[in-house]
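Have a look at the structure below, then the notes.
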Amino acid sequence: MQFDESKINSTLGETSKDDNSGKYVIKSDQKVLDFDEITKEVGGLYRNKKPLASCDALYIKNDDQIYLIEFKNARKSRIGKTFFLQKAFDSLMTLAFAFYPGLSLKELSKRVYLIVVYNDDGIVEKEQKSVHFQAIKDKINSFTTQEHRVLFGLEIYREVLYKEIFTVEKDYFMQQIYKKIF
């Protein structure tokens with residue numbers, strides 16, 4: 001497919017912008033593709049203008065490392081358990097259709113990483129502190145590493161639609177994952 005490059009070329013920071021508040025989840029000039037815009041064009045052409053859910057950014061590092069990135073300017077506790085399921089599914093289908101029509105979904109899934117970045121800081125409505133709840137969270141966190149914990153019901157797509165899925169807080173993304181990808 002051909003896309004209007006002036007519409008789809010963007011930066012990671014720009015794709016992290018919250019539509020409601022206008023605030024950026026992260027600051028980055030890293031060049032990416034605006035996957036929301038790509039999805040609009042695909043939906044306009046092939047779905048009778050019916051909207052598809054989509055991730056915010058697409059970064060193709062090479063043939064074996066394709067990243068779909070979704071930003072959510074909300075605390076993880078305020079995001080519904082299955083909020084991202086449709087976005088994850090529709091995004092991979094759009095990617096396959098628009099960029100990799102010659103690959104099977106099985107082949108494509110071995111190349112694509114899904115990263116959901118949420119913002120636990122800077123949200124007006126703060127969670128109330130609870131020593132007991134924090135102890136429970138710390139105990140659960142001790143059983144798994146941050147890199148391999150998958151939230152929001154997305155684990156059903158791990159190794160089915162995506163090679164790997166990360167659901168991480170924005171600071172962790174910037175400190176640990178960003179430098180590995182870009």
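For the numbers below, each heavy atom of this structure counts, side chains included, while hydrogens, waters and symmetry mates do not. Counting from 1, the numbers follow the sequence of the chain as shown. Here the structure is a predicted model, which means the values were calculated and not measured.
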Passes side-chain contact (heavy atoms from CB on, under 4.5 Å), K7 versus K40? Steps please.
CA-CA 11 Å; K7 289 183 180 180; K40 280 183 206 172; over 6 Å; no
Rounded to the nearest 0.5 Å, how far apart are [atom1] of [X] and [atom2] of [Y]?
X    : Y    : atom1 : atom2 : result
L33  : N9   : CG    : CG    : 6.0 Å
E169 : Q175 : CD    : CD    : 8.5 Å
Y162 : F89  : OH    : CZ    : 9.5 Å
I69  : Q30  : CD1   : CD    : 9.0 Å
F84  : L114 : CZ    : CG    : 9.0 Å
I8   : D34  : CD1   : CG    : 8.5 Å

Could you please spell out the steps behind the side-chain contact (heavy atoms from CB on, under 4.5 Å) verdict for N119 and I26?
CA-CA 9 Å; N119 183 11; I26 65 166; over 6 Å; no
Evaluate the criterion side-chain contact (heavy atoms from CB on, under 4.5 Å) for residue pair Y157 and L92; output intermediate values, then yes/no.
CA-CA 10 Å; Y157 293 142; L92 189 74; over 6 Å; no
Sole residue of D18, V116, L12 in side-chain contact (heavy atoms from CB on, under 4.5 Å) with F71:
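Output: one option passes, namely L12.
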Answer with yes or no after comparing the ring centroid distance for Y59 and F182 against a 6.0 Å cut-off, counting only values under it.
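Yes, ring centres under 6.0 Å apart.
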What is the ring orientation for Y113 with Y67, classed by angle as parallel under 30°, tilted 30 to 60°, or perpendicular over 60°?
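Y113 vs Y67 ring planes: parallel.
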State, without any angle test, whether S54 and D36 hold a side-chain donor-acceptor pair at a distance under 3.5 Å.
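Distance-only check passes for S54 and D36.
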Minimum-distance pair of heavy atoms, taken over all atoms of [X] and [Y]:
X    : Y    : result
K76  : D120 : N-OD1, 3.1 Å
K170 : V117 : CA-CG1, 3.5 Å
K81  : E155 : NZ-OE2, 4.2 Å
I181 : K61  : O-NZ, 3.0 Å
S104 : E107 : N-OE1, 2.9 Å
A57  : T15  : CB-OG1, 3.5 Å

Is there a chain of hydrophobic side chains (I, L, V, M, F, W, Y, each step under 4.5 Å between heavy atoms) that links M174 to Y24?
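Cluster IDs for M174 and Y24 differ.
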Would you sort out whether F99 and F3 count as a ring pair (Phe, Tyr, Trp, His ring centres under 6.0 Å), showing the intermediate values?
CA-CA 11 Å; F99 288 87; F3 296 100; 5.6 Å; yes
Please check this pair: side chain of T82 against backbone of G153, looking for a donor-acceptor N/O pair closer than 3.5 Å.
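No.
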Test your reading of the model: is there a side-chain donor-acceptor pair from E70 to the backbone of D56, 3.5 Å cut-off?
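Indeed, once roles are kept as given, a pair shorter than 3.5 Å links the two residues.
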